[in-house]
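Read the structure below first, then the notes.
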Protein chains: 2
Amino acid sequence: MLTAPTGLTPLAAEDILSLAERAYRRLRDAIADGSLPAGERISERSLAQSLGISAQPVREALRRLEAEGMVVTLPRRGTLVAEFGPRQLAEMGLIRVALEGTTASLAARHATAGDITELLALLRAMRPLLRANDIVALAEANERFHGHIDGLAGNAFLQRSLDALRAYDHFARLRALRSTPQEPRRAWREHAAILSAIRRRDPGQAEARMRAHVRRSLEASGILDALNT
Amino acid sequence: MLTAPTGLTPLAAEDILSLAERAYRRLRDAIADGSLPAGERISERSLAQSLGISAQPVREALRRLEAEGMVVTLPRRGTLVAEFGPRQLAEMGLIRVALEGTTASLAARHATAGDITELLALLRAMRPLLRANDIVALAEANERFHGHIDGLAGNAFLQRSLDALRAYDHFARLRALRSTPQEPRRAWREHAAILSAIRRRDPGQAEARMRAHVRRSLEASGILDALNT
DNA sequence: CATCAGAAACTGCAATAGCAGATAGCATAT
DNA sequence: ATATGCTATCTGCTATTGCAGTTTCTGATG
């Protein structure tokens, strides 16, 4: 019997993370970056074999992916990779618009002076990256900025949801940053505007600006086009 | 394949639930209605024994709850029930405000005439329940109304998120409906207003009214008080 | 009495084996 | 040629067993 046609290599025994966690991340990223195409049949057993582990952790990873909608399993028949393309990215994008808006609003309510100082530092740290046009580092800095605001919101469920979303549209955002050369600077200015609203303790404006920012960046990368059919 | 002219519909795969699924629901509801207090230590083995099944399905259920933040497990030390009280309900409520708003906006864009007819029927079906003051049936009808709008939005991730949320604040909503006698009628009027915005194909107003509705009902039941400390 | 090894009893995690439903292939019968 | 029945082999699902840390109890020792 041949191994499963997934190009997944066995897991390295280096990390302290559980095998299930590692299998989950591996599969999640493979789906997110498109290397696991939709419709691909996944067998717990053969996948376990190609990862060099037993079927249990694999199964756990699959159930987790199923809960997130990235995989659908027909009882006693098989598990398939769900569709994950422009349409799904757009759907996730709309959720991010709503949730990050709430996050900004809450951050404007709860942020301390120290928090705002940290956000300013994050913003300032992006400037040299802008000059150098280091896309990968910029994407990380962006995610750090947004993630920090998420933390200030003080809503554990909100933060959890956004973390999960970010894992999936990470690759799409990278592509978007590369495709439109003026996007990084524009995003930076919008970040600064959001931060000034937070600093002013204006939840309404913080939310409005955040929503506009996320939505505009989605439009700039053409992601929302997938919904205007 | 033979055409089989009988009007039989395919069997639903949901009829037989896996042990893991059943264990998950049991635990989830126990946490949601407070019968599993925060800090309670849960052992995979002993819980499995008291449920009459093996440890595997229980473990799956626990990992799922962990992904939802309702349980926290310290590797090789134990699993405990996370805090789930007014504060958490309020946090979930704010997420619902944002997501249901998006849902209403999308529904206003995508709803067909038939969809609107169905929503009107759902609304009309609530009227006798209002007169009879049948709280349990009203809560179900409310969830059906909101759930139907979620479906119209055509965003699978949005729908999934809201379904998960609803499972947790279901009990709180029941309590809220009971505590304020004028709430059911007020909710009904707001539902009607939302529907009219959807009918008018006005996404902005549908979203605004939905957000106001969810937020106000949260305030009426005192749930949001937990955040104004 | 206090302290501290060390065994015993937990814990979550992982591997293995086996069950039952579902499918595909093939032989047989009509 | 088509339909039927059987079998081998897939699938996900569950049970059992054992592993490796962690905690807790215990009892000998100071």
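Quick note on labels: first sequence line is chain A, next is B, and so on, each numbered from 1. Values in this document were obtained by computation on a predicted structure and should not be read as measured data.
- Distances from the side chain of B:Ala20 to the nucleotides D:dT11, D:dT14, D:dT22 place D:dT14 closest.
- Toward the 5' end of DNA chain C, the nearer of the two residues A:Glu21 and A:Arg76, judged by each one's closest nucleotide, is A:Glu21.
- Among D:dC19, D:dT22, D:dA15, the nucleotide with an atom closest to any side-chain atom of B:Arg77 is D:dT22.
- Between A:Glu66 and A:Arg63 there is a salt bridge, with a side-chain nitrogen of the basic residue lying less than 4.0 Å from a carboxylate oxygen of the acidic one.
- Computed from coordinates, the B:Leu47 CG to D:dA15 C1' distance equals 16 Å when rounded to whole Å.
- What separates CD1 of A:Ile42 from C1' of D:dG12 is a distance of 13 Å, to the nearest Å.
- For the pair B:Thr73 and C:dG12, the criterion of a side-chain N or O lying under 4.0 Å from OP1 or OP2 is not met.
- Note: A:His213 and A:His146 have parallel aromatic rings, judged against thresholds of 30 and 60 degrees for the angle between ring planes.
- OP1 or OP2 of D:dC13 has at least one side-chain nitrogen or oxygen of A:Arg59 nearer than 4.0 Å.
- Proximity note for A:Thr79 (side chain, C-beta onward) versus C:dA15, D:dG12, C:dC13: the nearest is D:dG12.
- For A:Pro75, the listed nucleotide lying nearest its side chain is D:dC13; candidates were C:dA14, C:dC13, D:dC13.
- Among the atoms of the strands shown, none is found under 4.0 Å from any heavy atom of A:Leu80.
- The nearest whole Å value for the distance from the CG atom in A:Leu51 to the P atom in C:dA14 is 13 Å.
- Atom pair B:Leu17:CG and D:dT14:P shows a separation of 10 Å (rounding to whole Å applied).
- Using a 4.0 Å cut-off between charged nitrogen and carboxylate oxygen, B:Arg25 and B:Glu21 count as a salt-bridge pair.
- The closest side-chain heavy-atom distance from B:Arg41 to B:Thr79 is not below 4.5 Å.
- Counting only heavy atoms from C-beta on, A:Leu19 has its side chain closest to C:dA14 among D:dC13, C:dA14, C:dC13.
- Rounded to an integer number of Å, the gap from A:Glu44 CD to C:dC19 P is 18 Å.
- With a 4.5 Å cut-off on side-chain heavy atoms, B:Arg173 and B:Arg166 count as touching.
- With distances taken from any side-chain atom of A:Gln56 to the nucleotides C:dT16, D:dT16, D:dC13, the minimum falls on C:dT16.
- Considering only side-chain atoms of B:Pro57, the nucleotide from D:dT14, C:dT23, C:dA14 that sits closest is D:dT14.
- For the pair B:Arg63 and C:dC13, the criterion of a side-chain N or O lying under 4.0 Å from OP1 or OP2 is met.
- Side-chain proximity of B:Arg45 to C:dC13, D:dA15, D:dC13: nearest is C:dC13.
- With a 4.5 Å cut-off on side-chain heavy atoms, B:Asp150 and B:Glu100 count as touching.
- Comparing atom distances between the A:Ser18 side chain and each of D:dC13, C:dT11, C:dA14 picks out C:dA14 as nearest.
- For B:Ser54 and D:dT16, the shortest distance from a side-chain N or O to OP1 or OP2 is not below 4.0 Å.
- Between B:Gln49 atom CD and C:dG12 atom P there is a gap of 14 Å when expressed in whole angstrom units.
- Within 4.0 Å (heavy atoms only), A:Leu62 reaches no atom of the nucleic acid at all.
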